[in-house]
A.B. asks: 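Okay, here's the structure, questions in a sec.
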Amino acid sequence: MTQTVMELTPSRVATESAVYRPLISLKSVGKVFRNGTEALRRISLDIPSHPQFVSLLGPSGCGKSTLLRIISGLDTCSSGSVEWPTSMHDVQARPLEQVGFVFQEPTLQPWSTVFDNVYLPMRLKGQRRKDAHDRVMEVLKLVHLDGFANNYPRQLSGGMKMRVSVARALVMKPKLLLMDEPFAALDEITRLQLNNDLLELWQAQGLTVIFVTHSIYESVYLSDRIVVIGARPGRIVADIPIDAPYPRSEEFRTSSVYNEHCRHVSAQLKAAMGRPGESSP
Amino acid sequence: MSDEMLEVGVNVPDDMSPPPSRTFQSSAEKWLAFAAPYLFGLFFLGGWEAIVRIEQIPVYLLPGPLLILHTLITDFAILLPNLIVTLRTTLLAFLAAAFGGLLLGLLFTFSRWVERTLFPYAVILQVTPIVAIAPLIIIWVNNTQIALLICAWIVAFFPIVSNTAVGLNSTDRNLIDLYRLYGASKVQTLFLLKLPSALPYYLAGLRISGGLALIGAVVAEFVAGTGGTQSGLAYRILESGYRLEIPRMFAALLLISLTGITIFVCLSLLSNFLLRNWHESAAGE
């Protein structure tokens, strides 16, 4: 059982074949807010350049969203560094096109159609609407919204708005997709459906996904690696591989393997929460 | 997936419809709900006409609505030039406020210093009654037409500035982050994000200012009291009052009200047209 599982996991296949050169390398990243709160302490994390689905799991207020913002370049770290060893950009420059960001809310422009919302990143890069048409329709098809290009956001359900948001993040063909609790506000049925669609997308597109969540069940179902973050200050308390094969389905969700993983992650999280940072204020 | 798609078109959130106790159930009730304001108006006007006739109130005290309507039609040739003058002052002041307010609102969001320096004076200008400063402005400015314009502009200006400033500042933070992430220029962020975000607020400001510009123009005309060919409806009201031509006075008043209503309706239509696809304020139109 375990043997076959390992062979099918993408992370195993790639780490053994290529020279290890991570997509992003966080080196002892720390963040202290202006009011003196220490949000993150000595976060060191390598995100490999082969497709990986990494979840950042932790209680609310543990700094996992801050960490995501630092990775995206929207925020800066107070100490340490974020490096992009495979990037053509120099270390200081923000790796613009390489990152897609999906916010907690759909964050769509209500005055723009679905098409124009997805076209936005290309428009900001100076691409003409006509030239962008094919690419926009392609990503809309990926999120199963190709029939809704001319609809306005207010005509869509919450789940569909989130799909538009994902399509917009994918339109520039990023290597890295950052997602900040994207499905937290959705109902469970929609969320499960979007989880499955996201996995499908991730496998087909060869992306690396960093997925922030506070749901143990969601992170185990989606990820092949879970980074557990403890609170006050935010720090990495466990880095857990989820060695279960993809594609994952409803069957996996009810399997004993899944339950075993959930129990393990849960125990790590609990241990982390019961042991706050020694010198925290 | 397909379950979600079915929701398209039935997207009216539950909280959009009035609470159950306040909905009008039967079709008769619905008709009544539609007709109620009109019925009240008819009742009011009918009562007015009846009292004037039964009590035989002289026309120089209170003319009946039918007489006022009749005067409006027969005296329309006299009133029209006044209407045009008032309307011109109102529209010019409104346009100046619409553009000036937008520009100053933009300036406020670009520079905190400009906002800190100028905003208190915009407030002072707004809270000082226009009746009190109109005489000064009319004394200081030689050209009466321009003086009237300035008065109307002062009244109409503030709602647009403050609404524009609020609108520009209430842009979705996440969308601003998204623009930053894709390296958008300041110009792109302004035209593609901030101005569209501010549009509903700006239009709300326009709707308030349209009526205020008319009020400002009429108040200033009252204070100026100019006669001759360049006089507006307010002057006609004053003059009719002196001559005890009360029906004409009421007709002029009616014309001012109709003008105000027309301005409001036009601006509401413009607002609903521009926001028809995306904003809750234009929902269900």
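Below, chains carry the letters A, B, ... as their sequence lines are ordered, and counting in each starts from 1.
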A.B. asks: Measure distances from R168(A) to the heavy atoms of chain B and classify the residue's part below 4.5 Å as side chain, backbone, both or neither.
C.D. replies: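 Contact with chain B involves both backbone and side-chain atoms of R168(A).
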A.B. asks: Report which part of L192(B) has an atom under 4.5 Å of a heavy atom belonging to chain A: side chain, backbone, both, or neither.
C.D. replies: both
A.B. asks: With rounding to the nearest 0.5 Å, note down the distance linking CD in E105(A) to CG in D172(B).
C.D. replies: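 Taking CD in E105(A) and CG in D172(B), the distance rounds to 7.5 Å.
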A.B. asks: Hey, what do you get for OG (S112(A)) to CG (L193(B)), rounding to the nearest 0.5 Å?
C.D. replies: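 Reported value, rounded in 0.5 Å steps: 9.5 Å.
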A.B. asks: Any idea which heavy atoms bring R154(A) and N277(B) closest together, and the distance?
C.D. replies: CD-O, 3.0 Å
A.B. asks: Under 4.5 Å heavy-atom distance to chain A, tell me which part of L199(B) shows up: side chain, backbone, both or neither.
C.D. replies: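 Neither the backbone nor the side chain of L199(B) comes within 4.5 Å of chain A.
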A.B. asks: Determine whether more than 12 heavy atoms belonging to other residues, nucleotides or ligands lie under 6.0 Å from atom OH of Y217(A).
C.D. replies: no
A.B. asks: Less than 4.5 Å to any heavy atom of chain A: does that hold for the side chain of S185(B), its backbone, both, or neither?
C.D. replies: neither
A.B. asks: Under 4.5 Å from any heavy atom of chain B, what part of L120(A) do you find: side chain, backbone, both or neither?
C.D. replies: side chain
A.B. asks: Which residues in residues 149-157 of chain B have any heavy atom closer than 4.5 Å to a heavy atom of chain A?
C.D. replies: none
A.B. asks: So, for L181(B) and L74(A), which heavy atoms are closest and what is the spacing to 0.1 Å?
C.D. replies: CD1-CG, 3.9 Å
A.B. asks: More than 12 heavy atoms of other residues, nucleotides or ligands under 6.0 Å from CZ of R123(A): is that the case?
C.D. replies: no
A.B. asks: If you measure from CG on L178(B) to CG on L124(A), what distance do you get to the nearest 0.5 Å?
C.D. replies: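 Here the interatomic distance stands at 7.5 Å.
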A.B. asks: Which one wins on heavy-atom pair count under 4.5 Å against chain B: F101(A), Y152(A), F103(A), W111(A)?
C.D. replies: W111(A)
